[in-house]
Amino acid sequence: MKTDYQLIESNLSFVLAELGSQPEVASFFPPESLSYQEQIDQLSEWVDDAGEYGLVYENVVSMLEVFPFKLSGKAAIKLLEVGLIFGFKTESESDKGFDRR
């Protein structure tokens, strides 16, 4: 049985791999921010090297709200599982209603 950390890491890695396979979304990233590839690479490093799962989760949620990524049902469920474990959506004021910590 996987621990929560193992489940979170594998689920976020799965979601990031799916997001990383959609280079057509790159044109929607504004020039003043990190590029699509830089963003995916940075989030992958945060998962693999730094264990910054909360930051990755929040960034993925924010990216999905802004950019036209498509998630498979499997990836959506994996992201939902992470959200249920964490108990929040993001730290944004507008998301306080989703916070059950």
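- Between Ile40 and Leu16 the shortest heavy-atom distance is CG2-O, 4.3 Å.
- The structure places OH of Tyr36 at 6.0 Å from CZ of Phe69, a figure rounded to the nearest 0.5 Å.
- No side-chain donor-acceptor contact under 3.5 Å links Glu18 to the backbone of Ala75.
- When side chains are defined from C-beta on, Val82 does not count as touching Tyr53, because their heavy atoms never get closer than 4.5 Å.
- Going from atom OG of Ser33 over to atom CD of Glu38 covers 8.5 Å, rounded to the nearest 0.5 Å.
- Both Leu64 and Phe28 belong to a single network of hydrophobic side chains, linked directly or stepwise wherever heavy atoms of I, L, V, M, F, W or Y lie under 4.5 Å apart.
- By the ring pair (Phe, Tyr, Trp, His ring centres under 6.0 Å) test, Phe14 is found to be paired with no residue, residues two or more places apart in sequence or in another chain being considered.
- For the side-chain contact (heavy atoms from CB on, under 4.5 Å) criterion with Trp46, the lone passing option out of Asp41, Leu12, Asn59 is Asn59.
- Of the possible donor and acceptor atoms, none in the side chain of Tyr57 sits under 3.5 Å from a partner among the backbone N and O of Leu79.
- Note: the hydrophobic cluster containing Val66 also contains Leu43 (ILVMFWY, side chain heavy atoms under 4.5 Å, direct or indirect links).
- In this structure, the separation between OG on Ser35 and CD on Gln42 is 10.0 Å, given to the nearest 0.5 Å.
- Phe67 and Phe29 have parallel rings, their planes meeting at less than 30° on a 0 to 90° scale where 60° marks the start of perpendicular.
- If you chain together hydrophobic residues whose side chains sit under 4.5 Å apart, Val61 and Ile77 never meet in one group.
- Note on Val47 and Tyr5: same hydrophobic cluster, where clusters join Ile, Leu, Val, Met, Phe, Trp and Tyr whose side-chain heavy atoms are under 4.5 Å apart, directly or indirectly.
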